[in-house]
Amino acid sequence: MTPTYTRKDFTSDQDVRWCPGCGDYSILAQIQRVLPDIGKPRHEIAFVSGIGCSSRLPYYMNTYGFHTIHGRAPAIATGLKSVNPNLSVWVVTGDGDGLSIGGNHLLHVMRRNVDLNIILFNNQIYGLTKGQYSPTSEFGKQTKSSPVGNIDHPIRPIGVALAAEASFVARTMDRDTKHLQQTLLAAAAHKGTSFVEVYQNCNIFNDGAFFPLTEKATKADNTVVLEHGKPLIFGKEREKGIRLNGLTPEVVKLSEVDESELLVHDAERADPVLAMLLDRMTHPQFPVPLGVFRRVERPCYEQLMQGQVDRERKRKTPDLAQVFRRGNTWEVTKRS
Amino acid sequence: MTPTYTRKDFTSDQDVRWCPGCGDYSILAQIQRVLPDIGKPRHEIAFVSGIGCSSRLPYYMNTYGFHTIHGRAPAIATGLKSVNPNLSVWVVTGDGDGLSIGGNHLLHVMRRNVDLNIILFNNQIYGLTKGQYSPTSEFGKQTKSSPVGNIDHPIRPIGVALAAEASFVARTMDRDTKHLQQTLLAAAAHKGTSFVEVYQNCNIFNDGAFFPLTEKATKADNTVVLEHGKPLIFGKEREKGIRLNGLTPEVVKLSEVDESELLVHDAERADPVLAMLLDRMTHPQFPVPLGVFRRVERPCYEQLMQGQVDRERKRKTPDLAQVFRRGNTWEVTKRS
Amino acid sequence: MTTASSTTTKSGDKRELDRVTIRFAGDSGDGMQLVGSHFTTTSAVIGNDVQTLPDFPAEIRAPAGSLPGVSAFQISFAAEDIFTPGDRPDVLVAMNPAALKANLSELPRGATIIVNDDEFNKANLKKAAYEENPLDTDALDGFTVHRVPITSMTTRALEDSDLTAQQKARCKNFFALGLMYWLFDRPLDSTLDMINEKFATRATLREANVAVLKAGHAYGETTEMFHETFHVPPAELEPGLYRNITGNAATALGFLAASQQAGTPLFYGSYPITPASDVLHELARFKNFGVKTFQAEDEISAVCATVGAAWGGALALTGTSGPGLALKGEAVGMAVMVELPMVIINVQRGGPSTGLPTKTEQADLLQAIYGRNGESPLCIVAPCTPSDCFTMAIEAFRIAVKHMTPVIYLSDGYLGNGAEPWKIPDVASLPAIKVAYATQPGEGEEFLPYKRDEWLARPWAIPGTEGLEHRIGTLEKQDLTGNVSYDPANHQHMTDLRAAKIERIADDIPPLEAFGGDSGELAVVGWGGTYGALRSAVTRAQRRGAKVSHIHLRHLNPMPKNTGELLSRFDKVLVAELNCGQLRALLRAKFLIDCAGLNKVAGQPFRVSEVEAKIDELCAGEKN
Amino acid sequence: MTTASSTTTKSGDKRELDRVTIRFAGDSGDGMQLVGSHFTTTSAVIGNDVQTLPDFPAEIRAPAGSLPGVSAFQISFAAEDIFTPGDRPDVLVAMNPAALKANLSELPRGATIIVNDDEFNKANLKKAAYEENPLDTDALDGFTVHRVPITSMTTRALEDSDLTAQQKARCKNFFALGLMYWLFDRPLDSTLDMINEKFATRATLREANVAVLKAGHAYGETTEMFHETFHVPPAELEPGLYRNITGNAATALGFLAASQQAGTPLFYGSYPITPASDVLHELARFKNFGVKTFQAEDEISAVCATVGAAWGGALALTGTSGPGLALKGEAVGMAVMVELPMVIINVQRGGPSTGLPTKTEQADLLQAIYGRNGESPLCIVAPCTPSDCFTMAIEAFRIAVKHMTPVIYLSDGYLGNGAEPWKIPDVASLPAIKVAYATQPGEGEEFLPYKRDEWLARPWAIPGTEGLEHRIGTLEKQDLTGNVSYDPANHQHMTDLRAAKIERIADDIPPLEAFGGDSGELAVVGWGGTYGALRSAVTRAQRRGAKVSHIHLRHLNPMPKNTGELLSRFDKVLVAELNCGQLRALLRAKFLIDCAGLNKVAGQPFRVSEVEAKIDELCAGEKN
Ligand SMILES: Cc1ncc(C[n+]2csc(CCOP(=O)(O)OP(=O)(O)O)c2C)c(N)n1
Ligand SMILES: Cc1ncc(C[n+]2csc(CCOP(=O)(O)OP(=O)(O)O)c2C)c(N)n1
Ligand code: SF4
Ligand code: SF4
Ligand SMILES: [Mg+2]
Ligand SMILES: [Mg+2]
């Protein structure tokens, strides 16, 4: 039986060392808030991170934790989960850690569908190294390493996850604590890789990157919350919706178009095409979708691995002495 | 003026060392055949490859060539193209080289849109290391390293390219020499990263992987050739077509459905959604699309880079002495 | 046959020999590795000591008949303990002109050459870049050449078979094998058994191979080409049950055994690479033992997953070859920092860079020691023979788990692909590996993840254990607690502790022994796969009266405690290795001993004669 | 003020000093680095020799007022040539309790402490884990403590300003700066100039900063807290135009200059990492010089793109710190194999693994030499002061291009972040770098990509050149042609050639010089950023009569030809380095000289006194 926890049970004795005002605080707090509800005893939870501001998170969690090296957390978590499928394993990464140096591991862990909860803190900047552009930074952005503008076309985290056919893909924001909590819980409940992109404000090196989406005044018009089976409606008065025109989404007014014409979200669609289409909706042309883009079931890597072990064990009794003797053997006797 | 070449001009003096019957021979031959037509003098062409059977190709080309290390050819080519944008740079890679160890470089080079022609030889196996499963190997495949079956969910090369928003994405096959030539020519003509997946038979370790698509008897029914602006029609008698039902493609008979209802290919659509949808069409449920999935224009990385240099040069005359003196300076004189 | 001490006694038309070395050479498609391994097993079964050396020329099949396409297999079999597959073959079987050309320079004058006469046609001669047929010129003067029409004899033997012409041609290696069996007085049974087993359900192939094998044997017996046959009597081997084993297979079995002895499942994270891939292939077949193999997307993922598995409490193993080890450097440093037990296999190959992937070399020793940022000490062991791969695999995990450290296990292509008879150990006699995970501390006690035992090892506290929740990481950590610490004195302290922990392993490994006197004129020092060549050369020199001993290191970091002292008892020290002097540099730096070097970087193992010559040069006074 | 040789003469109420060391310490948000650099410039401008040491505690801003949040900047200024930022500060400016606590142990007894009294409140004391206010206990006995209400004085000075309360509070560092200017008799002009420039368009901020700076200065003058002020007269520096420069900035300028001198555009491929990132930031600003910077997706991509750029004929540069160098190992091996010229910067930091990213260390020397598979020799240089970073950057490319080899340039965190006055060189006097790409061979001549010149360098033949189409690759290559070759003798030959090429560079670098006698009792040997500490310590020991010399290596592989010979002329050799003895191991292995070691791995540079103590220990006989 899992003990009844409170947030405090998940708070370690280490001082939290992020810049005051950093969005990471909220994400940490929501993680600590939802963990009591995932039904796992504390010692069966492990947090694995790479390197970056965000990746300091495991130090603050009173669970098992491993602050590893830059970009490699998905691989380390794969090893851990492979040898102990019973653990609830969380990967904490940043837009640089996860999509720059670690992009390939992320891709491969998702296609393998290792049962991990991957939380990518996207602040569109390298925080820890003091402000260079990241793979999600906007084109043209001036930073320390791009004084006359970034010439890299930004990457879409959700798009990469979908290309890898991740079985759970969602997006949420540091400032929407409720939605963040819901999303984390949904991720935890999902069997298979859960990929959650969290928009996170770095108030030191990229302040306000998501303000149009996160601030009260503009949020309702600039975001649309995806709910499985529900039409895409948004706006302060929920007066707008998204309709599909062929393969092209368009914003319509509910005063002009009937709700029944709206695009209805289907997170459980077998193929990721709808999710891919939604991922293309970007601010300011469209409201930015938040919530679960995709949630499908497919076998988890560690289960398949364990399954092969179990099956093989039944098929062939392990016998070391017999294995040693495989192939041709011969006896040497003492010569007279 | 570019000299008039023949295939022979692109043949180096090194003996080709692939297994007899390998699909690589055809790809090499088609490359050598089309190069005379790309309008570049031989010394302005460079082939860069990683490691793998396929990656031996540069040795056989009488151009500049560099057989580098495993998975890194896109990065090396990026450096080369950055410092000499005038070269025609070709990257030759395999499904292991490009999508396993090199997946991240591939992703990033495509999002940056470096003007390279990337040819990925997909034989769904590790050839050079003698037959382990690769990231494109089918689930359950038994190989040397998966004696009881591969448990990795395969990756779709085209899907990854589209997620990276590659500006030119195409697929062709070793055995269809005409289509292969056409596709290579189209790739060469495109400014920006051209990504071409080539189905290639490894007759030693994975013989026949693509036979349903490549062999005369079955090819017409199992593939559909994408042509910009044309409806998707296939079949031995061109008697079948693809129609969209919402976001879901379906195979229809032209005897039952009018051609006007068919999905019309639009390779130049701004967003990659249609291409992504097409990429989901897989054998045996669907005919496998061949041809150009996507071809859009966006600025190339090396041009943007050069552009910044040129603009900055105009803005600030380079003056080393002045740069040395930047910030506060002071004069020390001989003390009396 | 050229063995210095061979005693030859006529017994009927059989000549008795102490030792023979044969090389089978042909095209990559000719099945030379297969007949080589048949010959090996047969020779071992009748009691010879055996050593083998496969030689794959390149990674891909080159065009048939070309020089780069030549594949060879050398086997040495003897009536005495031998340590190498022989310097130069006494007999060469050349299946085509390219095979002859590629190997001729290796033959000592007087050697026997058996060629497949049928293949010395215009086309093949051209592919081998022969202007004239060497069989018709004086190119082979000084050798005993036998021209055997192997291809046509094979076809004839299969006249009645239903095989296709191509399939028939593929059988010709068995003709050569049968002929060699006759020539060297070996029974066919073992090969016949194997053919029957392999083709149990394919009668046509089975019958064809049997027919051709027998035809080859009969050819020897009936033609008058060979005037005598040879007999190599059984060697005086330690009694027991034997099998032939390659180093890579022994490595896999050793790690499997380590897992069984530890009662802890093995996790193997790897990315295919020549010549290490076979370890992955072998281990993937032991899922019934609980072995989990993870074919990663690259070497970095492979080592990182292995670190994760170590954290999770598995016997965590990763494996690769040269360039892969370079890629793993950063993550191995992580393992050093978090002090988790794991083993990193490196089957060394020719370098630098991609280098010579199928060739052997020992040039990764210093990479293993220093190939990471910062002061990052770890333990290094190196097996010295194919069989020893088994032993040292267990040793590697014994140390890793007891001392909570990553251990690099340095094999090489020569060991990995080479085979020798392995005395199958009794499972009950294998050393134990004690795994003791940390458990919940007593009431009022605090769990300290970086508190150390008498070996300076920290506890192995695995996720899932109640009450031990704690954080580890790659920033410098505070002593005892493991919390992040930027304190200068702590950093010095932890740096010292990490170094001392590795040094202390020296108290836990056997002292170094000298083969020969414990002091003398010359110590020949080696490590890894050169063991056989060095032991043979030293033995021969000793027989000639030289005061030379052989000292072979299997623990390279730390070294056995008596290393410096032992070496200092010799007038001269010669460090022989297949690199430019890496162990030599370590010994000079550590012990300030003026070691000489015998170094070779040619992708090939030492020849015994090369080592002997060097010994003679250094022991000039003692020369007989 | 504690300088041993300080001569103090009363001149009015000003005391004259030879040398003073000040440390500004406060919260990360307090702007200590900024005032430190102002003080540095001002001191330099009035002619002092200056050395500085910034000290960032951690990578992220820790909570305000906490111990891990303390940021410090130390500056030493003197009337004579100095080489280090001082062992221990004479004066500490502590902006809050945490700053006091974190730095107190560094202060010598008798030091002056100036605290911001306002911040010693309950909340801040708690954050610094002080139970009682140290200003009220005897904790500071033995120090001269001045309690200055800096925060409130700052606010008062800004009563009329339109700034927000928070903005006002942020100005308090300028109050401290003004006060220190008064105390050490420095003019305000240079800082006023800089304020005016920086806030040219923001009048409110400009006026506020000026007001507060002046208020601090006035506070010193009007209160009676300080009984005397101090004067440090100008040093006898080489005449010329100077500026202050950090090692990282000098590195960037050096490589920029190399590119100009070579007439070849610079390509810089890098991935951000502390403390190397500043080189990227600096170079990104020189696009007008044709510099192309490529921020790669990781270190592997960065180094690979750089290899591609080298192939394309650019001056190809990549840069990183410790863990990044580990990742680059495999690709650096590629550069060795294809013999292309490039430079790899490694700004070393504390290790192993992530280690202490903001701290300095010299523990990557052996990684630089050996951190790749196979025998993979390359050239290594190391600058020894921030200014020398400029010089050695040019030297690195001179060697790379002439000898067609990758060169590793080993800087460190101390050099990279530390600053010193740099005598601005005359552009016309910079050394030339000759770039000569291969051109089309004459009629009937064959182009051979691996044919070598007298330095054993192969031609630099870049794509785009007519008639030179050829293939390079990472498999072993045939001599001359560069084609793939599996031939054993060729592999040996090429291995030897690659090694000889690097060794031959020794003929192209200046001999090693000793500071002090060319022989004697003790040679103190160092490399890299420890130069200042070693030079100071040796100078002091020499003044006391010790027969000690300082020998500093800037070329580490190969070493200058006379290295062994020079060292052998000393009775004892001490190798002092910020690692566990890496150069020492090299010297012992190469020259069999029994070097002693002075080693420190604490993330901190040597203190001069530490080195002196060790010298004294070794020169016990000469002690005065
Ligand atoms: C191998 C390696 N390369 C580079 C670094 C330096 N580094 C640390 S964190 C980081 C990027 C951080 O960005 P992100 O992942 O977005 O995290 P954030 O700090 O923004 O949360 C970099 C480049 C490193 N620690 N290790
Ligand atoms: C760093 C490194 N890791 C592993 C290898 C071994 N290796 C060489 S090629 C290859 C995969 C080849 O597969 P693919 O890219 O599909 O090419 P193919 O041979 O099938 O054409 C591997 C794993 C290597 N050379 N270098
Ligand atoms: S730098 Fe940015 S991301 Fe990092 S802790 Fe500070 S505010 Fe947060
Ligand atoms: S192994 Fe396969 S891919 Fe490689 S050369 Fe042979 S047939 Fe071609
Ligand atoms: Mg970030
Ligand atoms: Mg492949």
Side-chain angles (χ1 to χ4, degrees), chain A residues 71 99-108 110-113 135 139-140 146-156 158-165 167 244 246-249 266 269-274 276-281 298-305 307-309 311-312 315, chain B residues 71 99-108 110-113 135 139-140 146-156 158-165 167 244 246-249 266 269-274 276-281 298-305 307-309 311-312 315:
Chain A
L99 293 168
S100 196
I101 190 168
N104 206 34
H105 306 306
L106 199 60
L107 200 76
H108 284 271
M110 293 189 295
R111 82 172 171 101
R112 293 191 184 110
N113 200 32
F139 188 87
S146 56
V148 294
N150 168 25
I151 57 172
D152 282 11
H153 188 81
I155 231 170
R156 296 166 191 267
I158 300 272
V160 171
L162 292 171
E165 300 184 39
S167 56
L244 264 198
L247 299 177
T248 310
D266 179 1
R269 202 184 138 93
D271 73 38
V273 173
L274 172 62
M276 286 168 167
L277 185 152
L278 292 169
D279 175 49
R280 309 291 317 171
M281 293 186 9
R298 57 182 178 93
C300 301
Y301 190 76
E302 74 282 1
Q303 284 175 336
L304 292 165
M305 196 179 230
Q308 290 193 331
V309 164
R311 261 198 316 284
E312 286 294 295
R315 206 170 65 75
Chain B
L99 293 168
S100 195
I101 190 167
N104 205 35
H105 306 306
L106 198 61
L107 199 76
H108 284 270
M110 292 190 295
R111 82 173 171 102
R112 293 191 184 109
N113 201 30
F139 188 87
S146 57
V148 294
N150 167 25
I151 57 172
D152 283 12
H153 188 83
I155 232 170
R156 295 166 190 269
I158 300 275
V160 171
L162 292 171
E165 300 185 39
S167 57
L244 264 197
L247 299 177
T248 310
D266 179 2
R269 202 185 138 94
D271 73 36
V273 173
L274 173 61
M276 286 168 167
L277 185 151
L278 292 170
D279 174 49
R280 309 290 317 170
M281 293 186 8
R298 57 182 180 91
C300 301
Y301 190 77
E302 74 282 0
Q303 284 176 335
L304 292 164
M305 195 178 231
Q308 290 193 330
V309 164
R311 264 198 314 284
E312 285 295 293
R315 206 172 63 75

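So that the names make sense, note that chain A is the first sequence line, chain B the second, and so on, each numbered from 1. This structure is a prediction, so every number in the text was calculated from the model and none was measured.
The candidate with the highest count of non-hydrogen atom pairs below 4.5 Å against chain B, out of A:Gly102, A:Pro272, A:Gly246, is A:Pro272. Of the listed residues (A:Gly149, A:Ala164, A:Gly159), the one with the most heavy-atom contacts under 4.5 Å to chain B is A:Gly149. With respect to chain A, the highest number of heavy-atom pairs below 4.5 Å among B:Asp271, B:Asn104, B:Leu107 belongs to B:Asn104. Interface summary for chain B: among A:His105, A:Met305, A:Arg156, A:Arg269, the most heavy-atom pairs under 4.5 angstrom belong to A:Arg269. Ranked by heavy-atom pairs under 4.5 Å with chain A, the first of B:Leu247, B:Leu304, B:Asp279 is B:Leu247.
In this structure, CG in A:Asn113 is found 11.0 Å from CD1 in B:Ile151, a value given to the nearest 0.5 Å.
Closest heavy-atom contact between B:Gln308 and A:Val148: NE2-O, 3.2 Å.
Both the backbone and the side chain of A:Pro135 come within contact range of chain B, with heavy atoms under 4.5 Å apart. Interface residue A:Ile101: only backbone heavy atoms are found under 4.5 Å from chain B. Heavy-atom distances place the backbone of A:Leu99, and not its side chain, under 4.5 Å from chain B. If you measure heavy-atom distances from A:Arg311 to chain B, you find no contacts under 4.5 Å at all. Contact of B:Leu162 with chain A is not made at all, since no heavy-atom distance falls under 4.5 Å.
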Yes or no on side chain to side chain contact (heavy atoms under 4.5 Å, CB included) for B:Met276 and A:Val273, after CA distance, side-chain angles and deciding distance? CA-CA 7 Å; B:Met276 286 168 167; A:Val273 173; 5.6 Å; no

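Tested against B:His153, the residues A:Glu165, A:His108, A:Arg112 include a single side chain to side chain donor-acceptor pair (under 3.5 Å) partner, A:Glu165.
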